[in-house]
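Data first, discussion second: the structure below is written as C-alpha cells.
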Amino acid sequence: MKENKFEDIYEVVKLIPSGRACSYGIIAEFLGSKRGARLVGWAMNALQNRIDVPAHRVVNRNGFLSGKAAFETPTSMQERLEEEGLIIIEDQIQDFEKILWNPNKELI
DNA sequence: AGACTGACTGGGA
DNA sequence: GTCCCAGCCAGTC
C-alpha cells in the first residue's frame with residue numbers, strides 16, 4: 001500500500017527511536033531502493049517545517065548533519081539531537097555507528 | 001517535452 | 001587509501 005514513496009520514507013523516519021540516528025541509504029535500502037538515498041533527502045526537504053517526522057535523526061552515512069540547512073535554523077538540527085543525548089561536534093554525530101538505528105535489524 | 005539538479009551511497013580505478 | 005562514475009525518484013527550468 002504505497003501511495004507514494006515519500007509516505008513510506010516518513011513512516012520509517014517516524015519509527016526512529018529517540019537518541020538514535022539513521023542514514024539515508026539505510027532508509028532507502030529498507031524501502032527497496034538502495035540507490036534511492038537521494039530520494040530520502042528529497043522527501044526530507046519536502047517536509048521542511050513538519051516536526052511530525054524527526055528529520056533531524058536522519059543524516060548521511062558519514063554522520064554529518066548534511067540537512068541542517070533545511071531546518072528553521074542551521075543549528076536546530078544539532079540542538080534537537082543534543083536534546084536527545086547525542087553528541088554533535090562540527091556538524092558531525094560522534095559515535096554515529098553506536099547510535100545508528102537499523103530498521104532491517106532492530107525493526108524485525 | 002527534454003534535461004539537470006539534489007539533505008546520498010557503493011563500487012571501481 | 002583516495003578520487004571518479006553511475007544510479008535512484010521527484011521537482012524545477
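All chains are named by letter (A, B, ...) in the order of the sequence lines, taking the proteins before the strands, and each is independently numbered beginning at 1.
Shortest non-hydrogen contact noted between A:N62 and A:F96 is C-CD2, 4.4 Å. Minimum interatomic distance between A:A55 and A:F71 (heavy atoms only, all atoms of both residues): C-CZ, 3.8 Å. The shortest heavy-atom contact between A:P103 and A:F30 is CB-CD1, 3.7 Å.
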Going through the distances and angles, do A:N60 and A:Y24 end up as a side-chain contact (heavy atoms from CB on, under 4.5 Å)? CA-CA 6 Å; A:N60 63 358; A:Y24 304 97; 3.9 Å; yes

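In this structure, A:F64 reaches neither bases nor backbone, as no heavy-atom distance under 4.0 Å exists between it and the strands shown. As judged by a 4.0 angstrom heavy-atom cut-off over every strand, A:K68 is placed among residues making no nucleic acid contact. Residue contacts for A:N60: at a heavy-atom cut-off of 4.0 Å it reaches the sugar-phosphate backbone alone, with no base atom in range.
Here A:D91 pairs with A:K68 in a salt bridge; the nearest charged N to carboxylate O distance falls below 4.0 Å. Contact check on A:E84 versus A:R20 returns no salt bridge, with no Lys/Arg side-chain nitrogen under 4.0 Å from an Asp/Glu carboxylate oxygen.
Going from the C1' atom of C:dC3 to that of B:dA7 covers 22 Å, rounded to whole Å. Rounded to whole Å, the P atom of B:dT5 lies 14 Å from the corresponding atom of C:dC5.
Residues A:A55 and A:R35 each lie close to DNA chain B; by heavy-atom proximity, the contact nearer the 5' end of the strand is made by A:A55. Between A:W42 and A:G36, the residue anchored closer to the 5' end of DNA chain C is A:G36, taking for each the nucleotide with the nearest heavy atom. Nucleotides of DNA chain C nearest to A:R38 and A:F6 differ in position, and the one nearer the 5' end is that of A:R38.
Tested against A:L81, the residues A:I88, A:I99, A:I87 include a single side-chain contact (heavy atoms from CB on, under 4.5 Å) partner, A:I88.
No side-chain heavy atom of A:Q78 sits less than 4.5 Å from a side-chain heavy atom of A:L86. Side chains of A:C22 and A:I27 form a contact here, defined as non-hydrogen atoms less than 4.5 Å apart.
Running 5' to 3' along DNA chain C, contacts with non-hydrogen atoms of chain A at under 4.0 Å begin and end at C:dA6 to C:dG11. For DNA chain B, the outermost nucleotides in 5' to 3' order that have an atom under 4.0 Å from a heavy atom of chain A are B:dG6 to B:dG10.
Both key distances under 3.5 Å define a Watson-Crick or G-U pair, and stretches of 3 or more such consecutive pairs in DNA chain B run B:2-6 with C:9-13, B:8-13 with C:2-7.
Surrounding CD of A:E82 are more than 12 heavy atoms belonging to other residues, nucleotides or ligands, all under 6.0 Å away. In this structure, A:R61 places its CZ atom where only 12 or fewer heavy-atom neighbours from other residues, nucleotides or ligands lie under 6.0 Å away.
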